[in-house]
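Structure record follows, encoded as structure tokens.
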Amino acid sequence: MNVRPRRLRRSAVVRSLVREHHVRVDALVMPLFVVARKADAGPISSMPGISRLTLDQAVDESRELYGLGVRSVLLFGVPDRKDAVASSNYDPQGIVQRAIAAIKKAVPEMYVIADLCNCEYTDHGHCGILDEHGDVDNDATVALLVRTALTYAQAGVDVVAPSDMMDGRVDALRSSLDAHGYTGVSIMAYSAKYASAFYGPFREAAGSAPQFGDRRTYQMDPPNAREAMREIALDIEEGADVVMVKPALAYLDVVRMARDAFDVPLAVYNVSGEYSMLQAAFERGWLERERTIDELLVSFVRAGADVIITYFAKDYAKRRSSS
Ligand code: PBG
């Protein structure tokens, strides 16, 4: 036998010498939930280890994350009021706008991404404005997103990340950001975002569950992969700087296809349900925590992701900085 692949697995040193893929802490993005009302702060029961933060806590958390090497946060707002048109979302004094300004002031180098969607701000919980039939009106919703994005830009955001899946929103956002002088604000598009059951815990965290129906008329049908390539191609054409596949774990084939087909930076979103199912298994002692997280995160890198949005970011960074 001339060929023995096991020779390169004989010790930790040689394994590390020939290792093909590595997780970089500076490629991780930590999502933060920021509340307008102090009473809404506190642990999220379906996401052990993750809390909804007050504005001050979000600033402290950002400082700590930056020190640990996590240089980017993704902000979600939990507003103090909701209505049919998500007016608390485009309020220049809204919770996300205040959080952006406060974090950029306290930790100027932190790369601040704001999720851009309406579902946390509408009383019906859908991602846009409803028409008279109760359907989400695409173009009216895009106009709303543009209005909100300008207030985020005004507050100093680095990136807006539209997660609504309306058609044409990247083009509309790019044009109006540019027209208002915000040519430096990037767009990270949730391009291939699936109508996934894995968002369950997030909806508790952000209080954004739809009050009727579901999101299948705007988010993608899980069995489709070619359609994801089309969505990504459109977003790139419309001016997206970074494109995303979401969720991550059940869609790594789509991540690999996107990596092979496109040259722009690619993000994956390791979503709430993927986090919570592992946490549940760790709590029961069914899975080994550190090894499982290492294997999970490197799977995203191996599939071709450049940017990894994950609720494990802080934990992982802590471990790396102490080893
Ligand atoms: C807002 C939004 C959602 C997530 C990110 N942005 C929820 C949804 O579309 O229902 C999910 C994130 C997660 O599950 O961690 N539209």
Side-chain angles (χ1 to χ4, degrees), residues 28-34 44-52 72-79 82 86 88-89 95-96 113-130 136 138 141-142 144-145 148-149 152 159-166 169-170 173 187-222 231 242-251 267-280 296-297 300 307-314:
L28 304 181
V29 177
M30 181 73 188
L32 300 180
F33 298 101
V34 192
I44 300 159
S45 65
S46 58
M47 299 181 72
I50 304 293
S51 289
R52 313 214 281 188
S72 183
V73 289
L74 172 61
L75 302 182
F76 292 95
V78 179
K82 303 185 185 221
S88 54
N89 201 8
I95 184 58
V96 170
I113 309 172
D115 182 86
L116 179 61
C117 194
N118 292 303
C119 59
E120 299 111 284
Y121 307 88
T122 51
D123 49 14
H124 45 71
H126 277 287
C127 298
I129 292 189
L130 301 181
V136 173
N138 191 88
T141 300
V142 170
L144 206 56
L145 292 169
T148 298
Y152 292 174
V159 185
V160 291
S163 65
D164 52 287
M165 289 301 278
M166 295 304 119
R169 89 269 211 224
V170 173
L173 286 167
I187 298 175
M188 178 169 82
Y190 287 72
S191 303
K193 175 173 177 180
Y194 289 88
S196 173
F198 286 97
Y199 307 150
F202 174 92
R203 293 179 184 174
E204 182 202 326
S208 64
Q211 298 304 303
F212 63 91
D214 53 42
R215 305 206 199 289
R216 288 175 219 231
T217 67
Y218 39 103
Q219 298 178 349
M220 282 185 55
D221 198 23
E231 283 282 7
V242 179
V243 295
M244 192 198 299
V245 174
K246 174 186 173 186
L249 203 47
Y251 296 85
V268 289
Y269 198 140
N270 176 212
V271 300
S272 57
E274 300 172 330
Y275 173 83
S276 299
M277 67 182 183
L278 291 182
Q279 289 290 5
L296 173 82
L297 296 181
F300 304 142
V307 176
I308 299 168
I309 303 165
T310 178
Y311 301 96
F312 289 116
K314 186 181 183 185

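Note that these values count all heavy atoms, side chains included, but never hydrogens, waters or copies made by symmetry. When a ligand or atom number is given, it counts from 1 through the structure's own listing order.
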Out of K193, E120, R215, whose heavy atom sits nearest atom 16 (N) of ligand 1? K193
Does F198 CZ have over 12 foreign heavy atoms under 6.0 Å away? no
Among residues at least two apart in sequence or on other chains, which ones pass side-chain hydrogen bond (donor to acceptor under 3.5 Å, both in side chains) with K314? E61, E64
What are the atoms of ligand 1, with element, lying closer than 4.0 Å to any heavy atom of S163? 1 (C), 2 (C), 6 (N), 16 (N)
Tell me: protein heavy atom nearest atom 15 (O) of ligand 1, and distance? Y311 OH, 2.6 Å
Between Q219 (side chain only) and T217 (backbone N and O only), is there a donor and an acceptor less than 3.5 Å apart? no
Atoms of ligand 1, numbered as shown, that sit under 4.0 Å from any heavy atom of Y269: 12 (C), 15 (O)
Of the side chain and backbone of C117, name the one, both, or neither that has a heavy atom under 4.0 Å from an atom of ligand 1. side chain
So, does K246 sit close enough to ligand 1 that a heavy atom of it is under 4.0 Å from the ligand? yes
Restricting to non-hydrogen atoms, name the atom on G200 and the atom on S272 that form the minimum distance, rounded to 0.1 Å. N-OG, 4.3 Å
Heavy atoms of P201 and M47 approach each other most closely as CB-CG, 3.7 Å
Polar side chain donor-acceptor pair, Y152 to D115, under 3.5 angstrom: no
List every atom of ligand 1 that sits less than 4.0 Å from any heavy atom of F76, numbering the atoms from 1 in the order shown and giving each element. 5 (C), 6 (N)
If we set the cut-off at 4.0 Å for heavy atoms, which region of D164 has an atom near ligand 1: side chain, backbone, both, or neither? neither
All ring pair (Phe, Tyr, Trp, His ring centres under 6.0 Å) counterparts of Y269, not counting sequence neighbours: none
For Y275, state whether at least one heavy atom is located under 4.0 Å from any atom of ligand 1. no
Polar atom proximity, R203 to ligand 1 (N or O, under 3.5 Å): yes
Closest heavy-atom pair, R169 versus P162, reported as atoms and distance to 0.1 Å, is NH2-O, 2.9 Å
Nearest heavy atom to atom 13 (C) of ligand 1, choosing from C119, S272, S276, belongs to S272
